[in-house]
Amino acid sequence: MPLSAPIAIPPELAGSLSAARFVAVLTGAGVSAESGVATFRDAQTGLWARFDPRELATPSAFERNPRLVWDWYAWRRKLVAAAQPNPGHYALAAWERVARQFLLITQNVDGLHQRAGSVKLVELHGNIGRVKCSREGTLVSRWDEGGGEVPRCPNCGALLRPDVVWFEEMLPASALAQAEAAASHCDILLVVGTAAEVYPAAALPQRAHDAGALVVEINPHPTPLSASADYILRGPSGAVLPALVAGLRG
Ligand code: OAD
């Protein structure tokens, strides 16, 4: 495995990062890629290869075949539980501890940011580790996986479902409001490991730019954001983020 070339951080960017009063970060599935968690745009592996996430992560799919959707999330929950945070997750948790003001806005549902120690965090799309009643929306702490049926709410008997945002569903209002406020007031927005294609999350970089923040894209590949970002660091977040944190002057 060739050593990845050292990441070149423009000196003026390093200076801005150290001087920033409020650092906001928007992450996507790419930040978990080096933990072995497949991104949304990667083909699903194994027996799920024939399913397209956009076909499974929808209210109508759950309505049509709750068992299939429940099993897909149970499979992903096991994968995520077996994964470990990578240096990119840990770098963001360390940055939070030294920044004057910091908010991590994630589209990811894998909980790896929290496991790496991030606390100042907003989950725009929920968390696969949480399960809720599909009727009441209340979280359920325990459920019986083994019964062969989709487990039901102990209170009202409705089917349980993962506490994640599906396509066509609204994002949690408070999470989105916090994310939009951060984008409007931060000095710097790092956009890490996201294809920047799914809204409203994908609108945050433009909101930050319009409010005068520096927008930095961290992604090995180009995205629709690349043309407008102030800086592009073309590399894996597991290498770029630790390099940025190492360069922060106290
Ligand atoms: P995608 O799978 O669409 O995009 C992953 C991005 O990560 C791509 O731009 C890759 O180039 C980049 N990437 C891959 N490896 C990387 C690495 N090592 N370091 C940094 N970047 C890397 O995932 P998202 O953009 O997060 O929504 O998808 C956004 C939303 O679309 C998801 O939250 C989900 C999905 O539908 C819902 O489930 C509602």
Side-chain angles (χ1 to χ4, degrees), residues 1-2 4-5 7 25-45 48 51-62 69 72-73 76-77 79-80 83-92 104-113 116 121-130 161-173 175-176 179 189-205 215-229 231-245:
M1 169 83 163
S4 58
I7 307 289
V25 185
L26 172 65
T27 61
V31 80
S32 296
E34 291 156 89
S35 296
V37 178
T39 65
F40 261 84
R41 267 77 188 155
D42 291 346
Q44 292 295 316
T45 55
W48 297 100
F51 294 105
D52 174 351
R54 282 158 292 190
E55 296 300 313
L56 284 173
T58 66
S60 47
F62 188 67
V69 174
W72 182 55
Y73 277 95
R76 288 178 60 199
R77 204 176 294 122
L79 277 187
V80 159
Q84 295 303 324
N86 66 61
H89 294 108
Y90 287 114
L92 290 175
L104 172 54
I105 305 157
T106 190
Q107 301 171 88
N108 299 342
V109 297
D110 58 31
L112 289 175
H113 284 306
L121 172 89
V122 168
E123 291 178 313
L124 289 182
H125 295 163
N127 186 308
I128 199 169
R130 292 194 300 264
R161 56 163 283 182
D163 183 27
V164 299
V165 175
W166 282 334
F167 289 102
E168 304 139 34
E169 288 188 322
M170 302 290 284
L171 274 61
L176 183 56
L189 177 69
L190 304 180
V191 184
V192 188
T194 180
E197 287 171 353
V198 173
Y199 286 77
L204 292 171
V215 176
V216 182
E217 176 175 71
I218 299 170
N219 195 321
H221 307 296
T223 72
L225 172 67
S226 303
S228 58
Y231 292 93
I232 296 174
L233 302 177
R234 259 306 157 251
S237 49
V240 174
L241 288 171
L244 291 178
V245 172

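Atoms within a ligand are numbered from 1 in the order they appear, just like the ligands themselves. In what follows, every heavy atom counts, from backbone to side chain, and hydrogens, waters and symmetry copies are set aside.
Ring geometry for H113 against H89 counts as perpendicular: the plane angle is over 60°, on a 0 to 90° scale with 30° as the lower cut.
Legend: residues meeting side chain to side chain contact (heavy atoms under 4.5 Å, CB included) with N219, ordered by chain and number and at least two apart, are E217, H221, T223, R234.
Among protein residues, G28, A29, G30, A33, E34, T39, F40, R41, Q107, H125, V165, F167, G193, T194, A195, V198, N219, P220, H221, P236, S237 come within 4.0 Å of ligand 1, judged on heavy atoms.
Side-chain atoms of P87 and L241, non-hydrogen and from C-beta on, never get closer than 4.5 Å to each other. With a 4.5 Å cut-off on side-chain heavy atoms, V31 and V25 do not count as touching.
Although no hydrogens or angles enter the test, the distance criterion places no donor-acceptor pair under 3.5 Å between the side chain of T106 and the main chain of E123. Judged purely by atom type and a 3.5 angstrom limit, N108 has no side-chain atom pairing as donor or acceptor with the backbone of D110.
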